[in-house]
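First comes the structure, then the notes that go with it.
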There are 2 protein chains.
Amino acid sequence: MSEEWSDTEISTLLNDNGMRATPQRMAICKELLLKKCHRTPNELHEELCQRFPTISPNTVYLTLSQLESSGLIRRFYVDGQAIYDSNTATHDHIYCRVCKLLLDVGTENSIHTPKCTEEWSIEWGTRVWSGVCPKCH
Amino acid sequence: MSEEWSDTEISTLLNDNGMRATPQRMAICKELLLKKCHRTPNELHEELCQRFPTISPNTVYLTLSQLESSGLIRRFYVDGQAIYDSNTATHDHIYCRVCKLLLDVGTENSIHTPKCTEEWSIEWGTRVWSGVCPKCH
DNA sequence: AACTAATTAGTAATAACTCCTAAATAAGAG
DNA sequence: CTCTTATTTAGGAGTTATTACTAATTAGTT
């Protein structure tokens, strides 16, 4: 994936995955795909409200769900909260249970896929390490 | 941890962790700790209703939360659903997104703790691999 | 430019979980 | 063994994240 996305590139990406390039959807993609980042649906909705004051949470949920079905983003949960991640490569996370900070983290040998599961088709995996960050102890 | 737990052992375990050994709580511990297993709060509640027809979901939620605070069980989330795990050792899981099957799984080198995080105090970590199980494809 | 299926915003509904309170009870003190 | 008290319980109310539904709008094709 390139670091920079033009409007036409995002538009094409959406169309290639069977989605129409509406302004709302373009904005969601820019917010998520341009930066390799984590977002909750609610965080995204609040950010988008600045440019689209009437955008509904529903639209955000729906778009995120479609992007995930297309494999363009991943979803996982931390403390019961859905997190969408534009970094689709298998990687680990580290989570501070005090301040809720969530970061990508490198782990040695972390991308080994499971043993004893030849017959499964594994699509992806993520790990969350929980603890307390430097600032919180 | 031993494989078998007597009533007195569970009772002592609870008291050692500042919890009273009520019949409801004993039953929850037996259900979770006796078998190394995964349970959702709702699954547990339904199981306990057979012996305690009036037990409230609230009691189950509260007890699970206390057991987790004591480190006797772990909580993580799959597809937005809380899962309590009586296997507190760091290990991985494999999840079928079709039939919702969730299994423990061995992964090579999977328990390496994260690099570059000297200042964090890591308490535990779990990984979930997502895909489709043999029966579902 | 017109057409049509996809998309949107808004509202209602659901599910999981938490908060609150009065009654019941486990466990220590006497 | 009984008394006492802080913990625990059940039940109901409240909250939050998410999904379902619907009518109006719109992107992208013809």
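The chains referred to below are lettered A, B, ... by the order of the sequence lines, with proteins before strands, and numbering in each begins at 1.
A donor-acceptor pair is defined here as one N or O able to donate and one able to accept, closer than 3.5 Å; no such pair exists between the side chain of Thr126(B) and the backbone of Val128(A).
The phosphate of dA6(D) (OP1 or OP2) has no side-chain N or O of Arg20(B) nearer than 4.0 angstrom.
Nucleotide dA27(D) holds its P atom 16 Å from the CD1 atom of Ile10(A), rounded to whole Å. Counting to the nearest Å, the P atom of dT8(D) and the CD1 atom of Ile55(B) are 14 Å from each other. In this structure, the CD atom of Glu68(A) is 10 Å from the P atom of dT19(D), given to the nearest Å. When rounded to the nearest whole Å, the span between CG of Asp79(B) and P of dT18(D) equals 12 Å. When the C1' atom of dT18(D) is taken as reference, atom CD of Gln81(B) falls 13 Å away, rounded to whole Å. Whole-Å rounding puts the Met19(B) CE to dT8(D) P distance at 7 Å.
Inspection of the Thr59(A) and Ser56(A) side chains reveals an N or O donor paired with an N or O acceptor under 3.5 Å.
Salt-bridge annotation for Arg39(B) and Glu31(B): present, with a side-chain N of the basic residue lying under 4.0 Å from a carboxylate O of the acidic one. Taking the charged nitrogens against the carboxylate oxygens, Asp79(A) and Arg75(B) do have a contact shorter than 4.0 Å, which makes a salt bridge. Under 4.0 Å is where a charged nitrogen must lie from a carboxylate oxygen, and between Lys30(A) and Asp7(A) at least one such pair does.
Between Gln66(A) and Tyr77(B), it is Gln66(A) whose nearest contact on DNA chain C lies nearer the 5' terminus. Sequence order on DNA chain D of the closest nucleotides to Thr22(A) and Gln24(B) puts Gln24(B) first from the 5' end. Summary of the strand contacts: Leu62(A) and Pro57(B) both lie near DNA chain C, and taking for each the nucleotide with the nearest heavy atom, the more 5' one is attributed to Leu62(A).
Pro53(A) comes within 4.0 angstrom of no nucleic acid atom, judged by non-hydrogen atoms across all strands. If you check every strand for non-hydrogen atoms under 4.0 Å, Asn15(B) touches sugar and phosphate atoms only.
Counting heavy atoms from C-beta outward, Val78(B) and Phe76(B) have side chains that approach closer than 4.5 Å.
The aromatic rings of His38(A) and His91(A) lie parallel to each other, their planes meeting at an angle below 30°, with 60° marking the opposite boundary.
A nucleotide of DNA chain C counts as in contact with chain B when one of its atoms lies under 4.0 Å from a heavy atom; the first and last such, 5' to 3', are dA16(C) to dA27(C).
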